[in-house]
Amino acid sequence: MTTTAPTLDLPTRVSVSDALSQTMTLAWRATMKMRRNFEQLFDVTIQPLLFTAMFAYIFGGAISGDVSSYLPIIIPGLIGQTVLTACVATGVQLREDMDKGVFDRFKVLPIARIAPLAGPMVADLIRYLIASVLTFATGFAMGYRPGGGILGVTGAVALAVIAGWSLAWIFTWFGIIGRSAQGVQGISLMVMFPLTFLSNAFVPTDTMPNWLQTFADLNPVSHVISAIRELANNGHLGAETGWALLGCAALVAIFAPLSLRTFNAKM
Amino acid sequence: MKPPRSHRETGGPHARSMTPPTNVPATDAPAVSARALVKQFGDQRAVDGVDLEIRRGEVFGVLGPNGAGKTTVLKMLATMLPIDGGTAEVFGHDVRREPHLVRQLIGVTGQDASVDENLTATENLWLFARLLGMGRNDARARSMTLLEQFDLTEAASKPISAFSGGMRRRLDLAVSLLTRPPLIFLDEPTTGLDPRTRGQMWDTIRELVVDGCTVLLTTQYLDEADQLADRIAVIDHGRKVAQGTADELKSSVGRSTLQVQLNDPDDLAITAEIAQRMVGEAALSPEARRVNIPLRSTDQSIEVLVALRDRGVSIDSVTVQKPSLDEVFLALTGHDTHPSGADASDEAADPTDLMETTR
């Protein structure tokens with residue numbers, strides 16, 4: 001059958017402004033979910049408090065002689081670690097979401113195909129923000145006085161949020177291709193731990209064997225942490241920040257198209 | 001994106017009645033026109049060349065056992081699953097080439113309530129109204145109207161997890177009707193509901209049609225198709241095996257069976273002869289001294305019994321049985337209503353298979 005000229009004036013595609021407003025509506029939905037399931041925020045609330053105290057008191061003496069001189073090293077390191085953990089949750093929750101009936105309805109709505117993916121990613125910026133602010137606050141309570149001042153710390157937090165968003169694309173991809181939330185969690189932790197521990201987050205990389213040091217120095221997480229240290233401790237916006245942003249951009253360039261392609265195939 | 005709403009909808013004496021659909025295309029194309037639809041899952045053909053033509057303003061029922069491919073057909077027409085073969089048009093718009101346009105003309109309510117568990121009823125309606133491009137005031141007003149219309153006002157601010165199955169289904173349908181789409185897809189709208197809630201859902205579906213919507217519904221229940229659908233297509237193993245009105249389908253499989261238990265096995269032959277003459281056929285169970293006689297109508301049983309008395313046949317017992325759902329399926333598909341081999345993945349896992357209890 002051939003189509004006769006439709007007399008109805010319906011749009012054949014989603015406009016950019018509609019897509020943005022749909023993304024923000026779905027971000028609102030994600031924040032409501034966070035509010036209703038407070039335990040989903042444990043990884044960015046309890047964990048920073050617990051880990052900061054734990055790591056500082058356990059490793060402080062051994063690595064830096066005393067706790068207070070370790071704090072400028074460990075606080076940025078822990079921000080990196082906490083934000084990475086929060087990224088893992090981004091992927092796992094996306095998988096859980098996609099397995100629910102409500103996602104079927106998203107598929108059949110005349111909305112931008114990308115909005116159900118972009119919405120939660122926007123909302124998760126709040127999680128990265130909570131994680132980095134709380135870690136700084138805990139450090140401050142333990143006696144950490146960042147030399148970079150308010151401006152430096154603000155810059156460091158901003159970088160942490162940007163890094164969180166960029167790193168989240170890795171785990172978002174896992175979330176899309178994974179078969180179950182547990183599976184996504186499993187593979188994500190397998191990637192998260194090396195990214196965290198094979199970096200300069202807790203110890204200087206020059207104590208590592210050569211091959212490991214090479215990996216740790218190339219690890220984008222290391223650059224993010226170094227940049228956070230420079231910004232928070234010295235208020236210095238330098239080469240490390242550039243490398244960190246470059247690393248983030250590279251991750252996005254690889255994992256965003258991968259994610260979008262697989263996601264569109266499933267929508 | 002949407003035209004402004006009139007004030008009439010926000011309440012008043014007509015709050016219970018639905019409002020006519022918007023966006024009704026003025027072309028004369030049928031609501032749905034599908035040719036040789038195919039869906040392949042791995043090496044299994046879940047849908048194998050189904051043709052459907054759904055007229056505007058009718059309720060079209062797709063009837064079939066679990067796993068027959070009903071949901072898969074619906075999902076392809078509703079742009080939720082890619083079409084592997086054939087063509088489908090909704091109001092003249094190609095489903096494959098213009099999915100965004102088609103999505104603006106349809107509402108879908110699935111087997112599993114597709115609402116957000118983390119939100120309240122009001123928040124769900126608000127979420128989807130905003131996603132559908134309604135302004136804040138429109139979204140609020142329309143949500144209120146629908147909550148009232150679907151008897152959900154009291155539960156409006158409760159979390160969905162506290163909802164009964166019927167309430168979830170009603171909310172789900174309310175969400176599908178936010179923009180008053182001219183075509184509504186209902187995938188097994190009453191599976192798993194108790195009889196009272198089921199009746200309410202039927203009433204709601206009838207109101208939709210009165211107001212000018214076209215409805216495509218899938219169901220496993222013959223009585224549901226009978227109650228609601230103007231025309232029915234029977235699907236089995238991914239193929240359409242019959243189509244017609246409920247009456248046409250029923251008469252094609254015979255309405256009732258008269259079962260006569262005889263006192264004397266010698267009367268078997270004469271009983272069979274009478275049955276042959278009056279209804280054209282009879283099934284004998286000589287060892288049980290029993291004869292099964294298919295009837296065109298239940299009234300015919302009297303004529304057969306009178307004829308038996310006139311010939312002096314002595315009867316031990318008599319029963320008249322209506323055809324069960326299984327028999328209808330059996331007659332049309334050659335097997336019973338248990339899940340067939342061609343399971344569409346989305347139907348096979350349905351835990352609310354009530355067929356067991358309706359038999």
Side-chain angles (χ1 to χ4, degrees), chain A residues 1-15 17-40 93 96-116 118-120 123 179 264-267, chain B residues 1 22-30 33 35 53 75 78-82 87 89 91-94 97-120 123-124 126-133 159-160 168 172 175-176 178-179 185 187 346:
Chain A
M1 211 182 110
T2 50
T3 309
T4 44
T7 49
L8 251 186
D9 197 16
L10 290 175
T12 52
R13 54 169 47 86
V14 188
S15 71
S17 67
D18 279 348
L20 276 176
S21 106
Q22 288 152 8
T23 300
M24 291 319 287
T25 304
L26 286 164
W28 167 81
R29 166 183 175 261
T31 61
M32 292 303 285
K33 205 169 120 189
M34 283 181 210
R35 245 190 276 177
R36 302 264 153 85
N37 302 286
F38 195 70
E39 69 276 5
Q40 280 182 5
Q93 283 170 19
E96 282 175 354
D97 223 18
M98 288 178 75
D99 288 337
K100 283 186 186 148
V102 69
F103 231 80
D104 271 346
R105 190 177 288 283
F106 293 150
K107 285 186 196 173
V108 80
L109 290 179
I111 58 172
R113 305 283 89 192
I114 187 69
R179 280 171 171 265
N264 279 335
K266 294 198 179 193
M267 272 301 274
Chain B
M1 198 167 104
T22 50
N23 284 349
V24 188
T27 58
D28 51 7
S33 170
R35 299 268 173 275
E53 176 125 348
K75 284 192 168 173
T79 74
M80 296 164 81
L81 271 181
T87 59
E89 289 181 356
F91 293 109
H93 294 289
D94 191 290
R97 277 182 299 147
E98 303 174 286
H100 184 68
L101 224 150
V102 168
R103 286 182 189 122
Q104 293 167 74
L105 300 170
I106 61 173
V108 184
T109 289
Q111 289 177 45
D112 319 302
S114 334
V115 286
D116 194 325
E117 301 276 327
N118 292 293
L119 302 179
T120 65
E123 286 164 353
N124 263 293
W126 165 262
L127 168 72
F128 290 109
R130 295 287 292 152
L131 284 177
L132 286 159
I160 305 296
R168 270 170 211 243
D172 204 324
V175 170
S176 303
L178 273 165
T179 50
F185 292 102
D187 190 16
D346 44 12

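Each chain gets a letter, A, B and so on, in the order its sequence line appears, and its residues count up from 1.
Contact of the K107(A) side chain with the V108(B) side chain is not registered, since no non-hydrogen atoms from C-beta on lie closer than 4.5 Å.
Each salt bridge (charged side-chain N to carboxylate O under 4.0 Å, His left out) pair with one or both residues in residues 100-109 of chain B, not counting sequence neighbours, would appear here, but there are none.
Contact detail for L132(B) and P110(A): the closest heavy-atom pair is CD2-CD, 3.6 Å.
Taken from NE2 in H93(B) to OG1 in T12(A), the straight-line distance is 10.5 Å, to the nearest 0.5 Å. Rounding to the nearest 0.5 Å places CZ of F106(A) at 10.0 Å from OG of S114(B). Separating the OG1 atom in T25(A) from the CZ atom in R130(B) is a distance of 5.5 Å, to the nearest 0.5 Å. Between F128(B) atom CZ and I111(A) atom CD1 the span is 8.5 Å, to the nearest 0.5 Å. To the nearest 0.5 Å, the span separating NE2 on H100(B) from CZ on R113(A) amounts to 8.5 Å. A distance of 9.5 Å separates CH2 in W28(A) from CG in L131(B), rounded to the nearest 0.5 Å.
Checked by atom type, the side-chain pair R105(A)/S176(B) shows a donor-acceptor distance below 3.5 Å.
The environment of CZ in R36(A) is crowded: more than 12 heavy-atom neighbours from other residues, nucleotides or ligands sit within 6.0 Å.
With chain B as partner, the option from S21(A), S15(A), G101(A) having the largest number of non-hydrogen pairs under 4.5 angstrom is G101(A).
Both the backbone and the side chain of V175(B) come within contact range of chain A, with heavy atoms under 4.5 Å apart. Using a 4.5 Å cut-off between heavy atoms, N37(A) contacts chain B through its side chain alone, with no backbone atom that close. Contacts between D172(B) and chain A at a heavy-atom distance below 4.5 Å involve backbone atoms as well as side-chain atoms.
The only member of L127(B), L119(B), T120(B) that meets side chain to side chain contact (heavy atoms under 4.5 Å, CB included) when paired with M32(A) is L119(B).
In this structure, the side chain of Q104(B) does not engage the main chain of L10(A) through any donor-acceptor pair within 3.5 Å.
Remark: D104(A) pairs with no residue by the side chain to side chain donor-acceptor pair (under 3.5 Å) rule, at least two apart or across chains.
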